[in-house]
There are 2 protein chains.
Amino acid sequence: MDIQLKRGLLDVCVLTAIKNEDSYGYKIIKDVKPYIEMSESTLYTILKRLELSGLLTVRTSEHDGRLRKYYHITKAGLMRIEDFKEEWREVMSIYQFVIKGDNNG
Amino acid sequence: MDIQLKRGLLDVCVLTAIKNEDSYGYKIIKDVKPYIEMSESTLYTILKRLELSGLLTVRTSEHDGRLRKYYHITKAGLMRIEDFKEEWREVMSIYQFVIKGDNNG
DNA sequence: ACGTAATACATCGTATCACGAAGTATTCTA
DNA sequence: TAGAATACTTCGTGATACGATGTATTACGT
């Protein structure tokens with residue numbers, strides 16, 4: 001999929017992946033994989049960014065003697081998803097413009 | 001509108017704006033404005049990029065004693081629009097993932 | 001006549017960001 | 001016992017939207 005098209009979707013996909021249940025890096029990648037491909041370096045960059053923006057919080061926890069970083073969505077994170085839904089109307093209007101292609105005569 | 005979300009749409013919007021009829025910078029901005037905002041610096045950067053990629057060709061023409069650069073879509077440009085339509089299925093599947101948010105239990 | 005907006009195009013620098021490459025370390029499995 | 005899977009991290013790079021700024025002409029209001 002076109003990298004530019006992905007840009008506006010990745011953040012929201014990550015937030016969606018932790019929306020119902022706290023999750024961790026490796027699992028997030030596997031969960032979103034059916035919908036969108038994401039490399040590890042991309043994911044961890046995004047997680048860092050979302051943390052700095054206050055859209056999620058992090059908690060380190062031990063699991064089978066291995067450390068895992070669990071990510072938890074914040075209210076601002078949930079808001080971000082809602083904003084995305086709002087913006088989708090604009091996106092669809094652009095899509096309509098493109099498929100019709102009747103910009104001028 | 002979110003700048004990241006715009007990224008995958010701008011190129012295709014510009015191509016759509018010249019699809020039916022050759023057009024020029026200033027007019028393109030006004031034509032796509034109802035759907036998506038685009039600054040001049042952005043537009044001319046895009047036009048340059050699309051030209052270098054062979055998605056459009058340029059022809060300079062005089063209009064009222066002023067030079068205008070008319071942009072004409074190529075076959076590759078039309079293909080680009082078709083590819084976009086194909087990719088839209090993936091985009092919609094991602095959108096569904098986000099609005100449902102039922103990634104795990 | 002004069003200033004301001006509109007038309008029309010161009011360049012530069014900056015900040016953001018996805019990703020490949022490479023690295024560290026543990027656990028599971030053939 | 002080697003390799004795959006799990007789990008996280010850092011670095012460098014290329015792509016790119018945009019504000020700021022500049023140039024030049026035409027149209028319009030007063």
Side-chain angles (χ1 to χ4, degrees), chain A residues 1-15 17-18 22-33 35-53 55-71 80 87 90-91 94, chain B residues 1-15 17-18 22-33 35-53 55-71 80 87 90-91 94:
Chain A
M1 159 168 210
D2 176 49
I3 186 176
Q4 301 306 322
L5 214 42
K6 282 171 87 167
R7 281 177 110 98
L9 306 169
L10 284 168
D11 283 25
V12 177
C13 279
V14 172
L15 288 172
I18 65 169
D22 292 0
S23 189
Y24 54 96
Y26 210 77
K27 183 164 191 295
I28 293 171
I29 289 182
K30 284 169 70 174
D31 284 342
V32 303
K33 205 187 182 86
Y35 307 98
I36 194 166
E37 291 283 338
M38 197 184 318
S39 72
E40 292 182 56
S41 58
T42 299
L43 199 243
Y44 289 108
T45 306
I46 290 172
L47 287 169
K48 197 77 198 163
R49 183 168 68 239
L50 295 178
E51 187 194 353
L52 288 173
S53 318
L55 303 192
L56 54 77
T57 54
V58 193
R59 149 180 65 92
T60 302
S61 179
E62 200 176 312
H63 180 86
D64 286 337
R66 197 184 308 187
L67 286 181
R68 267 192 195 159
K69 292 179 84 170
Y70 283 91
Y71 298 90
R80 175 73 184 78
E87 279 192 314
E90 281 179 70
V91 172
I94 294 167
Chain B
M1 164 169 203
D2 177 50
I3 186 177
Q4 302 306 322
L5 215 42
K6 281 170 87 166
R7 283 177 110 97
L9 306 169
L10 284 169
D11 283 24
V12 177
C13 280
V14 171
L15 289 172
I18 65 170
D22 293 359
S23 188
Y24 54 95
Y26 210 77
K27 183 164 190 298
I28 294 170
I29 289 182
K30 283 169 72 172
D31 284 342
V32 303
K33 205 186 183 85
Y35 307 99
I36 195 166
E37 290 284 340
M38 197 183 316
S39 72
E40 291 181 56
S41 58
T42 298
L43 199 242
Y44 289 109
T45 306
I46 290 171
L47 287 170
K48 197 76 197 162
R49 183 169 66 240
L50 294 178
E51 187 194 353
L52 289 172
S53 318
L55 304 192
L56 54 78
T57 54
V58 193
R59 148 180 67 90
T60 302
S61 179
E62 201 176 310
H63 180 86
D64 286 339
R66 199 185 305 188
L67 286 181
R68 267 193 196 156
K69 292 179 85 170
Y70 283 91
Y71 298 91
R80 175 72 184 79
E87 279 191 314
E90 281 180 70
V91 172
I94 293 167

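Chain identifiers are assigned alphabetically (A, B, ...) following the order of the sequence lines, protein sequences preceding nucleic acid strands; residue numbering begins at 1 within each chain. Values in this document were obtained by computation on a predicted structure and should not be read as measured data.
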Rounded interatomic separation in angstrom, taking CG from Leu43(B) and P from dA10(C): 11 Å
Round to the nearest Å and state the distance from Tyr44(B) atom OH to dC9(C) atom C1'. 5 Å
Is there a donor on the side chain of Glu40(A) or the base of dC8(D) sitting less than 3.5 Å from an acceptor on the other? yes
His63(A) atom NE2 is separated from dA5(D) atom P, nearest whole Å, by 18 Å
Basic-acidic side-chain contact under 4.0 Å: Glu62(B), Arg66(B): no
NA contact type, Lys48(A), heavy-atom cut-off 4.0 Å: base, sugar-phosphate, or nothing? nothing
Leu47(B) side chain reached by Lys69(B) side chain, heavy atoms, under 4.5 Å: no
Nearest-Å distance, CG (Asp2(B)) to C1' (dA15(C))? 15 Å
Separation of dA25(C) C1' from Lys69(A) NZ (nearest whole Å): 15 Å
Nearest non-hydrogen partners of Ile36(A) and Cys13(A), listed with the distance: CG2-SG, 4.0 Å
Just wondering, do Leu50(A) and Asp11(A) contact through their side chains at under 4.5 Å, heavy atoms? yes
Once rounded to the nearest 0.5 Å, what's the spacing between atom CE of Met1(A) and atom CD of Glu90(B)? 5.5 Å
side-chain N/O Lys30(A) vs dT6(D) OP1/OP2, d < 4.0 Å: yes
Under a 4.5 Å cut-off applied to non-hydrogen side-chain atoms, are Lys27(B) and Tyr71(B) in contact? no
Does Arg68(A) make a side-chain N or O approach to OP1 or OP2 of dA7(D) shorter than 4.0 Å? yes
Tabulated below should be each protein N or O lying under 3.5 Å from an N or O of nucleotides 17-20 of chain C; please produce it.
| from | atom 1 | to | atom 2 | distance (Å) |
| --- | --- | --- | --- | --- |
| dC17(C) | O4' | Arg7(A) | NH2 | 3.1 |
| dC17(C) | O2 | Arg7(A) | NH2 | 3.2 |
| dA18(C) | OP2 | Arg49(A) | NH1 | 3.2 |
| dA18(C) | OP2 | Arg49(A) | NH2 | 2.9 |
| dC19(C) | OP1 | Lys6(A) | NZ | 2.7 |
| dC19(C) | OP2 | Thr42(A) | OG1 | 3.1 |
| dG20(C) | N7 | Ser41(A) | OG | 2.8 |
| dG20(C) | O6 | Ser41(A) | OG | 3.1 |

To the nearest Å, how far apart are Arg59(B) CZ and dC9(C) C1'? 16 Å
So, OP1 or OP2 of dA5(D): does either fall under 4.0 Å of a side-chain N or O from Tyr26(A)? no
Is it the case that the base of dT7(C) and the side chain of Arg66(B) share a donor-acceptor contact (distance under 3.5 Å, atom types as modelled)? yes
Measure across Ala17(A) and Ser23(A) and return the closest heavy-atom pair with its distance rounded to 0.1 Å. O-CB, 4.2 Å
Does some side-chain heavy atom of Val32(B) sit less than 4.5 Å from a side-chain heavy atom of Val14(B)? no
Is there a side-chain contact between Lys6(B) and Glu37(B), using heavy atoms and a 4.5 Å cut-off? yes
Quick check on the helix from dA1(C)-dT30(D) to dA30(C)-dT1(D): what's the angle between its two end axes, five base pairs per end, to the nearest 10°? 20°
Here the distance between atom P of dT7(C) and atom NZ of Lys33(B), to the nearest Å, is 10 Å
Distance, rounded to the nearest Å, where Ile29(B) contributes CD1 and dA8(C) contributes P: 11 Å
